[in-house]
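What follows is one structure encoded as structure tokens, with my remarks underneath.
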Amino acid sequence: MKFYCLTLFPEMVRNGMHTSITGRAMEKGLIELETVNIRDFTTNKHLKVDDYPYGGGAGLVMQAEPVYKAYESVCAKLTKKPRVVFLTPCGKTFHQKMAKELAQEEELIFLCGHYEGVDERVLEMIVTDNVSIGDYVLTGGELPAMVMMDCISRLVPGVLGNDVSADTESFQENLLEYPQYTRPEEFMGQKVPEVLLSGHHANVEKWRREQSLLRTAKYRPDLLEKAELCAKDLQFLQNNTCKQE
Ligand code: ADE
């Protein structure tokens with residue numbers, strides 16, 4: 001997987017991605033990141049990349065030309081037309097299934113906007129996917145691009161030391177993950193649930209399933225409707241949750 005990130009703040013993206021698990025994945029060559037500074041593609045002597053919006057209004061708009069040229073500089077290295085993800089609150093909301101689908105690509109371009117937006121003409125020419133990371137507005141696309149790259153990276157084989165963990169986690173089956181505990185057995189008077197110390201594998205599995213169901217019912221009831229639940233799950237939920245009016 002090779003990520004290209006078109007941005008005015010390449011060091012922000014590099015610093016974030018070269019940390020922790022994604023950083024190690026890059027050292028191992030499992031993923032690659034190339035940041036492209038859009039400002040390097042300006043032709044004016046002040047290296048200006050933005051201008052006032054036609055029609056008036058607050059803020060500045062990123063100009064089409066440097067964005068297009070930055071995009072072209074990446075395309076020149078590729079053999080096929082890449083998917084270009086534009087980070088915008090107006091896009092489709094990012095979710096785990098989208099990450100799984102994007103993880104199948106060999107390369108992805110992320111376009112990070114700043115200021116009040118990017119000239120629509122260049123977006124129409126190059127963007128294949130408009131993606132939002134949630135219903136709130138950030139100052140730029142860099143953090144959303146990093147969120148997406150992080151999420152996609154952990155689906156690349158070998159990135160997580162232990163390959164099963166990408167599969168058993170939250171959202172895999174539209175259920176949230178069960179709670180985890182580690183040593184010591186008692187912390188400030190709080191004990192680890194007894195069943196986890198029992199060594200009884202089937203009971204542990206049953207408890208974890210039930211905890212996932214309870215958590216999902218409590219925090220994300222919308223997910224439960226999409227989850228595949230067996231008769232036992234439904235019975236458990238009926239006995240252990242009270243429906244809110
Ligand atoms: N740019 C600004 N806010 C954003 C958001 N919520 N998602 C994606 N890109 C953004």
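Just follow the structure's listing: the first ligand is 1, and inside any ligand the first atom is 1.
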**Prompt:** Is K77 salt-bridged to E34, cutoff N-O under 4.0 Å?
**Reply:** yes
The answer for which part of T139 has a heavy atom under 4.0 Å from ligand 1 is neither
Main chain of L176, side chain of S212: is a donor-acceptor contact present, judged purely on distance under 3.5 Å?
yes
Checklist entry - For V84, does its backbone N or O pair with a side-chain atom of T128 as donor and acceptor, under 3.5 Å? => result yes
So the atoms of ligand 1 within less than 4.0 Å of a heavy atom of L87 turn out to be 8 (C), 9 (N)
Next on the checklist: Check whether T42 reaches the backbone of R39 with its side chain - one donor and one acceptor, N or O, closer than 3.5 Å.
Outcome noted: yes
The closest protein heavy-atom partner of atom 10 (C) of ligand 1 is P89 CD, 3.6 Å
heavy-atom search around atom 3 (N) of ligand 1 in the protein gives L138 N, 2.9 Å
Atom 8 (C) of ligand 1: closest protein heavy atom, distance to 0.1 Å, is T88 N, 3.5 Å
Quick look: D135 vs ligand 1, heavy-atom contacts under 4.0 Å, and the answer is neither
the protein heavy atom lying closest to atom 6 (N) of ligand 1 turns out to be Y136 O, 2.8 Å
Any heavy atom of P144 under 4.0 Å from ligand 1? The part involved is side chain
ask   = Taking distance alone, with no angle check, do V137 and ligand 1 share an N/O pair under 3.5 Å?
value = no
Practice prompt. Before accepting this row, confirm whether a basic side-chain N of the pair K206/E210 lies closer than 4.0 Å to the acidic partner's carboxylate O.
Written response: yes
- Message: Testing the 3.5 Å rule here: is there a donor-acceptor pair between the side chains of E142 and H114?
- Response: yes
Got a salt bridge between E101 and R83, using NZ or NE/NH1/NH2 to carboxylate O under 4.0 Å?
-> yes
Taking only non-hydrogen atoms of G140 and a 4.0 Å limit, the atoms of ligand 1 in range are 1 (N)
A student checking ligand 1 against V131 at a 4.0 Å heavy-atom cut-off should list atoms 8 (C)
Requested in this report: State plainly whether the residues E106 and K2 are in salt-bridge range, i.e. N to O under 4.0 Å.
Outcome: no
To the nearest 0.5 Å, atom OH of Y4 lies from atom CG of L33 at 10.5 Å
Closest to atom 7 (N) of ligand 1 among protein heavy atoms sits I133 N, 3.0 Å
The atoms of ligand 1 lying under 4.0 Å from a heavy atom of G134, numbered in the order shown, are 6 (N)
